Colleague: 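Before we start, here is the structure in question, set down as structure tokens.
Owing to the predicted nature of the structure, the values given are computational and were not obtained by experimental measurement. Proteins get letters first, then strands, A, B, ... in listed order; numbering begins at 1 in each.
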Protein chains: 2
Amino acid sequence: MGNESGQNFQRRHQQIPLAVIKRLPVYHRYLSDLHQKEVARISSSELAAKIGITASQLRQDLSWFGSFGQQGYGYRVDELLREVSRILGLNQNIGMVLVGAGRLGRAIIHYANFKRRGFHTKAIFDNNPEIVGQIIDGIPVYDISELENYLKNHSIQIGVITTPATVAQEVADRLVRSGIKGIWNFAPVSLKVPDDVIVEHVHIGESLMVLSMKLQQRKASGPDS
Amino acid sequence: MGNESGQNFQRRHQQIPLAVIKRLPVYHRYLSDLHQKEVARISSSELAAKIGITASQLRQDLSWFGSFGQQGYGYRVDELLREVSRILGLNQNIGMVLVGAGRLGRAIIHYANFKRRGFHTKAIFDNNPEIVGQIIDGIPVYDISELENYLKNHSIQIGVITTPATVAQEVADRLVRSGIKGIWNFAPVSLKVPDDVIVEHVHIGESLMVLSMKLQQRKASGPDS
DNA sequence: TAGATTGTTAATCGATTAACAATC
DNA sequence: TAGATTGTTAATCGATTAACAATC
């Protein structure tokens with residue numbers, strides 16, 4: 001076993017493929033569902049069938065992070081859920097600030113339950129004097145000029161950008177200069193940031209275009225192909 | 001030339017890889033920028049460098065749809081933009097309905113400028129009597145019970161779901177039964193629909209988890225790897 | 001014409017699937 | 001123990017990159 005765990009260790013330190021990373025939140029969602037339904041165990045083939053992938057892929061993906069199952073039995077749902085949550089870095093109390101208190105910003109703050117997952121929005125910044133000073137969902141709105149000062153004095157890991165596209169790069173630059181290493185970007189621009197900063201871009205507009213294109217393709221190639 | 005255009009034709013009728021489809025909106029965005037800056041021509045290597053991909057990939061991707069460049073010259077920006085827009089099915093006056101007039105729904109209606117791209121939200125549906133009857137951004141809000149009736153009498157191609165996760169599947173079922181073939185889904189559930197219906201899911205929560213995981217990985221493997 | 005750059009074919013790389021020995 | 005199912009190695013498939021003849 002010594003040898004093999006050595007190999008696991010090695011593998012864990014290679015670069016995890018992005019394709020694998022993107023599937024983890026899906027696994028998390030299905031496992032959460034099962035856990036809520038009090039399902040105690042599941043095999044890779046059952047879970048894969050639910051998700052719509054192959055059992056091979058599921059096992060292959062998990063093997064990047066370790067061995068969580070048991071031959072002849074499958075996986076314990078609670079255990080696997082805990083592992084996947086850990087891998088995803090959930091429940092760690094991550095501090096966020098949001099810049100841009102428009103409609104999208106307000107929607108995002110409210111969205112789903114990332115508070116339950118450990119993501120806490122601590123402050124909102126905007127340049128509109130009518131909004132500055134308000135409390136939205138229990139979170140204070142500060143003037144954008146106070147951004148750097150705030151970041152200096154609070155432990156914040158993620159900056160969320162929900163500003164218009166025109167100012168998104170400037171906001172990103174200011175976040176980066178204040179030491180933020182993770183940016184969650186909703187503005188439709190490709191942000192330029194240093195290599196040590198991670199940007200996750202939510203592609204809202206792109207997604208509609210992809211839908212539009214697929215519909216068009218479907219139409220072109222006939223309704224039954 | 002007869003032979004080769006025959007080959008092109010063939011290729012155009014194979015299944016376009018999803019990876020290619022997803023890059024098209026990006027090309028569209030960069031070309032729009034260039035067009036606005038009144039750049040007349042660009043080579044595959046210049047454009048690829050801006051986007052951050054290889055020139056090979058860009059040319060390979062475009063070749064799925066035809067030949068839009070000119071040897072020794074490159075591409076005319078306006079022409080290529082027009083072609084990419086056509087491929088994406090933009091500017092075609094597509095009718096949409098939105099179900100769920102909460103914060104996210106309101107944000108999406110307002111978002112970016114898809115009106116300029118030919119996407120028109122014609123009606124909003126909700127089950128909250130306080131919202132029903134309002135006009136949001138010039139769009140009337142109807143009671144959800146009128147959904148089927150509305151769809152029978154109007155030409156709608158896309159249904160947008162911004163409801164809570166709990167009712168998203170039911171809404172999808174009703175849209176599908178009314179003949180909608182394209183669903184733009186913002187609820188964090190995997191919708192089950194027949195094969196001839198296309199669902200584009202905007203993965204908001206997933207995206208935050210991916211960011212969280214990447215940050216965690218970065219931290220684990222040391223700040224300089 | 002000479003230089004530049006395309007469109008496409010071939011080579012490489014990476015991701016998915018299949019298969020199976022290990023073992024609970 | 002026998003049956004089931006994992007973790008992993010090997011085979012396949014698909015996507016990206018490199019190279020280059022065609023040609024503007």
Colleague: Whole angstrom is fine here: how far is it from CG in A/L47 over to P in D/dT5?
Modeller: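 Taking atom P of D/dT5 as the reference, CG of A/L47 is at 13 Å.
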
Colleague: Describe, in one word, how the ring planes of B/H203 and B/H201 are oriented to each other, choosing from parallel (under 30°), tilted (30 to 60°) and perpendicular (over 60°).
Modeller: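 Parallel.
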
Colleague: Please enumerate all residues that pass salt bridge (Lys or Arg N to Asp or Glu O under 4.0 Å) together with B/R23, with sequence neighbours excluded.
Modeller: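 Scan of B/R23 (salt bridge (Lys or Arg N to Asp or Glu O under 4.0 Å), adjacent residues dropped) gives B/D61.
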
Colleague: Write down the distance between CG (A/L62) and C1' (D/dG7), rounded to a whole number of angstrom.
Modeller: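 Atom CG in A/L62 sits about 10 Å away from atom C1' in D/dG7.
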
Colleague: Please tabulate, one pair per line, all N/O donor-acceptor pairs under 3.5 Å involving side-chain atoms of residues 174-181 of chain B, not counting sequence neighbours.
Modeller:
from   : atom 1 : to     : atom 2 : distance (Å)
B/R174 : NE     : B/E148 : OE2    : 2.7
B/R174 : NH2    : B/I144 : O      : 2.9
B/R174 : NH2    : B/E148 : OE1    : 2.9
B/S178 : OG     : B/R174 : O      : 3.2
B/K181 : NZ     : B/D196 : OD2    : 2.7

Colleague: State the dot-bracket string of DNA chain C. Criteria: Watson-Crick or G-U wobble, both atom distances under 3.5 angstrom; notation: ( ) intrastrand, [ ] crossing earlier pairs, | interstrand, . unpaired.
Modeller: ..||||||||||||||||||||||

Colleague: Whether B/R103 and A/D137 form a salt bridge (side-chain N of Lys/Arg under 4.0 Å from carboxylate O of Asp/Glu) is what I want to check.
Modeller: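 Salt bridge between A/D137 and B/R103, a charged N being under 4.0 Å from a carboxylate O: yes.
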
Colleague: Do B/F119 and B/W184 pass the ring-ring contact (aromatic ring centres under 6.0 Å, His included) test, and can you show the C-alpha distance, the side-chain angles, and the key distance before you say yes or no?
Modeller: CA-CA 12 Å; B/F119 299 95; B/W184 198 22; 7.9 Å; no

Colleague: Taking the side chain as everything from C-beta on, heavy atoms only, tell me whether B/I158 gets closer than 4.5 Å to B/I94.
Modeller: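 The answer is yes; the side chains approach within 4.5 Å.
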
Colleague: Round to the nearest Å and state the distance from A/F68 atom CZ to D/dG7 atom P.
Modeller: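 Taking atom P of D/dG7 as the reference, CZ of A/F68 is at 8 Å.
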
Colleague: For a quick check, tell me whether the side chain of A/Q70 and the base of D/dT5 share a donor-acceptor pair closer than 3.5 Å.
Modeller: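 Counting by modelled atom types and ignoring angles, no donor-acceptor contact under 3.5 Å is found here.
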
Colleague: Taking the side chain as every heavy atom from C-beta outward, state whether A/L34 and A/L81 have any atom pair closer than 4.5 Å.
Modeller: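 In short, these two side chains do not touch, never coming nearer than 4.5 Å.
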
Colleague: Assess the side chains of B/Y30 and A/S190: does a donor N or O sit below 3.5 Å from an acceptor N or O?
Modeller: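 The criterion, which ignores hydrogens and geometry beyond distance, is satisfied for A/S190 and B/Y30.
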
Colleague: Measure from the side chain of B/T54, starting at C-beta and using heavy atoms only, and say which of D/dT17, C/dT6, C/dT23 lies closest.
Modeller: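 Side chain of B/T54 sits closest to D/dT17.
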
Colleague: Nearest whole angstrom, please: distance from the C1' of D/dT5 to the CD of A/E46.
Modeller: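 After rounding, the gap between these two atoms is 11 Å.
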
Colleague: Within the structure shown, what part of the strands sits under 4.0 Å from A/S56 by heavy-atom distance: base, sugar-phosphate, or nothing?
Modeller: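 The residue A/S56 makes base contact.
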
Colleague: Once you round it to whole Å, what is the distance between P of D/dT17 and CG of B/D61?
Modeller: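 In whole Å, D/dT17 P and B/D61 CG are 10 Å from each other.
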
Colleague: In terms of side-chain heavy atoms of A/Q57, which of C/dT8, C/dT16, D/dT8 is nearest?
Modeller: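 Looking only at heavy atoms from C-beta outward on A/Q57, the closest nucleotide is C/dT16.
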
Colleague: Considering only heavy atoms, which members of residues 17-37 of chain A lie under 4.0 Å from some atom of DNA chain D?
Modeller: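 Close to the strand, none.
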
Colleague: Expressed in angstrom and rounded to an integer, what is the separation of A/R41 atom CZ from C/dC24 atom C1'?
Modeller: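 Spelled out: CZ on A/R41 to C1' on C/dC24 is 12 Å.
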
Colleague: What's the verdict on salt bridge (Lys or Arg N to Asp or Glu O under 4.0 Å) for A/R86 and A/E83, showing C-alpha distance, side-chain angles and the deciding distance?
Modeller: CA-CA 5 Å; A/R86 183 185 53 74; A/E83 292 290 351; 2.6 Å; yes

Colleague: In whole angstrom, what separates A/I42's CD1 from D/dA4's C1'?
Modeller: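 Distance check: A/I42 CD1 to D/dA4 C1' gives 15 Å.
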
Colleague: Identify, residue by residue, the members of residues 73-81 of chain A with a heavy atom below 4.0 Å from DNA chain D, and return them in order of residue number, or none.
Modeller: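 Here the set is A/Y73, A/G74, A/Y75.
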
Colleague: Hey, does A/S44 reach any base, or is it just sugar-phosphate, or nothing, if we go heavy atoms under 4.0 Å?
Modeller: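 Sugar-phosphate: the residue A/S44, judged by heavy atoms under 4.0 Å, touches backbone atoms but no base.
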
Colleague: Measure from the side chain of B/R59, starting at C-beta and using heavy atoms only, and say which of D/dT5, C/dT8, C/dT17 lies closest.
Modeller: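 Selected nucleotide: C/dT8.
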
Colleague: Judged by modelled atom types alone, do B/T54 and B/S56 share a side-chain donor-acceptor pair under 3.5 Å?
Modeller: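 The answer is no; no qualifying pair exists.
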
Colleague: With sequence neighbours left out, which residue pairs that include part of residues 35-45 of chain B fulfil the salt bridge (charged side-chain N to carboxylate O under 4.0 Å, His left out) condition?
Modeller: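 Output for this query lists B/R41-B/E46.
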
Colleague: Send over the distance from B/Q71 CD to D/dC24 C1', rounded to a whole Å.
Modeller: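 My rounded result for the distance is 6 Å.
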
Colleague: Are the side chain of A/T162 and the backbone of A/I108 linked by a donor-acceptor contact shorter than 3.5 Å?
Modeller: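 Between the backbone of A/I108 and the side chain of A/T162 there is no qualifying donor-acceptor contact (under 3.5 Å).
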
